[in-house]
Amino acid sequence: MSPVLAGLLQLLALIAALALAHLPLGNHLARVYSSGTHRRVERWIYRGVGVDPDAEMRWPAYLRCVLVFSVAGVLFLYLLQRLQGVLPGSLGFASIDPDQAFNTAVSFVTNTNWQSYYGEQAMGHVVQTAGLAVQNFVSAAVGMAVAVALVRGFSRPRALGSARAGGTPLRTGELGNFWADLVRGVVRVLVPLAAVAAVVLVAGGVIQNFSGIHEVGQFFHGHGTGGPQEWNGGAVASQEAVKMLGTNGGGYFNANSAHPFENPTPFTNLFEIFLILLIPFSLPRAFGLMVGSVRQGYAILATMATIWAGFVALMMWTEFTHRGPALEIAGGAMEGKEVRFGIGGSSIFAVSTTLTSTGAVDSFHSSFTGLGGGITMLGMMLGEIAPGGVGSGLYGMLIMAVVAVFIAGLMVGRTPEYLGKKIGGREIKFAACYILITPALVLVLTAAAMALPTPGHSMTNSGAHGFSEVLYAYTSAANNNGSAFAGLDADTQWFNTTLGLAMLLGRFLPMVFVLALAGSLARQIPVPATAGTLRTEKPLFTGLLAGAVLIIAGLTYFPALALGPLAEGLAS
């Protein structure tokens, strides 16, 4: 079978599996976040935390809960790493240095999972399971909670009764309860799906144990025999399942999903891509059900799917058709890719992981062609909204929908509306601030790293590719992705600190404006649709939305891309 045909068959199988899962999982997500009942285990958690899950919250209270919970997670994970040397199950590994412990704690709490360390040489079983794996669950649940809060801003009835005898509708701004949304996301969505996924991965050959460090044989160097290799086991399948489902991405081993213990076969590779896309592509269905129009959900889904499919096609074309004698013999650009996955599987994985906030890799993005590396960067620069991270992709796309509606309103001279809510100056300011935060972080920090003398010492390559390494790192951190261009030594005080700050600000500042927008929308009384209302469930709006996403990202990042991957690609 030709490599091109193999890639196309994998793509078709993936699309079919996602299509089959879309309705049942989307319906389940809508039921989970619309439910008024609490399960017994959930009530135990609420009692343990000391919260009332039925208390409605306005956006400032919802935001405070998000921040308090996340700060507590950073502190716990930081202390766990700093104390690793005296904890059981450490496998003899020392405690993590302060700057790296800060970077890693921030990374996993922000759903970034950037790793400036070798997992199999630094983290013991306790930190991996009690620290990193737990954050894989709760950081994903936080993203879904914020997305649901924004959906409620559009969907909740504003007339809960008569405020006075005249029957004036009562304006409200409640967005639900953060603790209820968080716990339900973990208990009813992530844990059951991750349990099933872990069993499938174990059946596919992914390891699941708590073994210590042991020798696995000899390795050969040149004409002589070298020393024995040493590997440690771990609860890899369970962590792999939730790292993909929650679009987290942190690997148990440094090679991440290119490691045979994490991703041994073409089947597990395709299954892991399926897990990455499963919840993000199902959330639009839940959105449509919660706002009372499944067609609105299909419009968002169509936009996400169009961009994702376009990027996959472009990546495959770039990697399959790159010219050169060695590449023609190999059937395409195979450098940095696993032979067992091939160009097709690697290309689909690379696009899916960078168009979501996953960060897991089954190949070295730095070894892709110049234009291929640029595609992975552009996927993150779009804001990872096609389909995006768990929760963050949906609220990012809804922010872009607000902008698209506003642009359409300017074209016809009409006050824009989306789902019955007017998009005025207040709402568009929140959306604009959301859009501007991440590019500002990426471009300012990249410029600082290139201008200062010390950060440049971390670059393995010079010229356009070296610049791409730095640009990719800050793009990945600020967009909470976590993947990296191999070749950049990011385990330095400068990069550990600045990338950590980029992750924190890139995760929580946008959430401030998402929740503020949700609160503003929730206070509005919906307006009826008229003949002049833009039909946002139609293909015309899908095209407008996709165009707005591509143009805004293109205009923002094009100069930086021109200095890095575009210059490298055009010169090759």
Side-chain angles (χ1 to χ4, degrees), residues 48-49 63-143 178 182 186 232 234-235 239 242-243 246-254 256 357 359 389 441 445 473-474 476-484 489-509 511:
V49 179
L63 175 63
R64 284 195 297 270
C65 291
V66 170
L67 297 179
V68 168
F69 179 76
S70 300
V71 168
V74 170
L75 293 175
F76 172 77
L77 192 50
Y78 177 84
L79 291 175
L80 198 64
Q81 294 174 85
R82 296 290 293 136
L83 296 172
Q84 175 176 250
V86 298
L87 292 174
S90 65
L91 300 178
F93 297 143
S95 297
I96 308 301
D97 293 336
D99 59 312
Q100 191 174 77
F102 164 75
N103 181 279
T104 304
V106 168
S107 174
F108 278 78
V109 171
T110 59
N111 202 241
T112 310
N113 295 43
W114 171 274
Q115 294 173 281
S116 60
Y117 59 88
Y118 298 96
E120 64 268 39
Q121 299 177 19
M123 301 295 184
H125 293 322
V126 172
V127 174
Q128 290 274 21
T129 55
L132 306 185
V134 169
Q135 285 302 322
N136 283 345
F137 282 99
V138 296
S139 64
V142 168
F178 168 74
L182 174 73
V186 173
N232 55 283
Q239 185 160 321
V242 72
K243 106 178 184 184
T247 59
N248 297 283
Y252 214 101
F253 302 96
N254 181 56
N256 205 281
S357 62
L441 290 171
L445 289 173
Y474 286 111
S476 177
N479 285 280
N480 302 127
N481 183 274
S483 63
D489 178 16
D491 187 15
T492 65
Q493 287 189 350
W494 166 267
F495 281 108
N496 277 332
T497 303
T498 56
L499 289 170
L501 292 173
M503 291 180 236
L504 274 176
L505 298 176
R507 173 72 164 178
F508 296 113
L509 281 181
M511 284 184 176

Search all heavy atoms of Gly249 against all heavy atoms of Asn256 and return the closest pair with its distance. O-ND2, 2.9 Å

Heavy-atom nearest pair, Glu120 first then Phe253, reads OE1-CA, 3.3 Å

Do side-chain atoms of Gln100 reach the backbone of Ser116 as a donor and acceptor pair under 3.5 angstrom? yes

Distance, nearest 0.5 Å, that separates CZ of Phe137 from CG of Leu182: 12.5 Å

What distance separates Leu87 CG from Phe93 CZ, expressed to the nearest 0.5 Å? 13.5 Å

Would you say that Leu91 contacts Gln128 through its side chain, given a criterion of any heavy-atom pair below 4.5 Å between the two side chains? no

On a heavy-atom basis, which atom in Asn479 and which in Ser357 lie closest, and how many Å separate them? O-CB, 4.3 Å

Using the rule side chain to side chain contact (heavy atoms under 4.5 Å, CB included), only one of Gln493, Gln115, Met503 pairs with Asn103; which is it? Met503

Measure the CG-CG distance between Leu499 and Asp99 for me, rounded to the nearest 0.5 Å. 11.5 Å

Can you tell me how far OG1 of Thr129 sits from OH of Tyr252, rounded to the nearest 0.5 angstrom? 6.5 Å

Scanning both residues in full, the closest heavy-atom pair of Ser95 with Gly85 reads OG-N, 3.0 Å

Between the side chain of Ser107 and the main-chain N/O of Asn113, is any donor-acceptor distance below 3.5 Å? yes

Please list every donor-acceptor pair under 3.5 Å in which a side-chain atom of residues 63-80 meets a protein atom from a residue at least two apart or in another chain.
| from | atom 1 | to | atom 2 | distance (Å) |
| --- | --- | --- | --- | --- |
| Ser70 | OG | Val66 | O | 2.8 |

Flag, side chain of Ser139 to backbone of Val109, donor-acceptor distance under 3.5 Å: no

Closest heavy-atom pair and its distance - Asn248, Gln135: OD1-O, 4.3 Å

Does Gln84 use its side chain to pair, donor to acceptor, with the backbone of Ala122 at less than 3.5 Å? yes

Within the distance-only criterion (no hydrogens, no angle test), does the side chain of Thr112 pair as donor or acceptor with the backbone N or O of Asn481 below 3.5 angstrom? no

Of all the heavy-atom pairs spanning Ser483 and Ser476, show the shortest one and how long it is. O-OG, 2.7 Å

Tell me, which pairs form a ring pair (Phe, Tyr, Trp, His ring centres under 6.0 Å) where one or both residues lie in residues 110-131, sequence neighbours left out? His125-Phe210

Per the side chain to side chain donor-acceptor pair (under 3.5 Å) rule, which among Asp97, Asp491, Thr104 passes with Asn496? Asp491

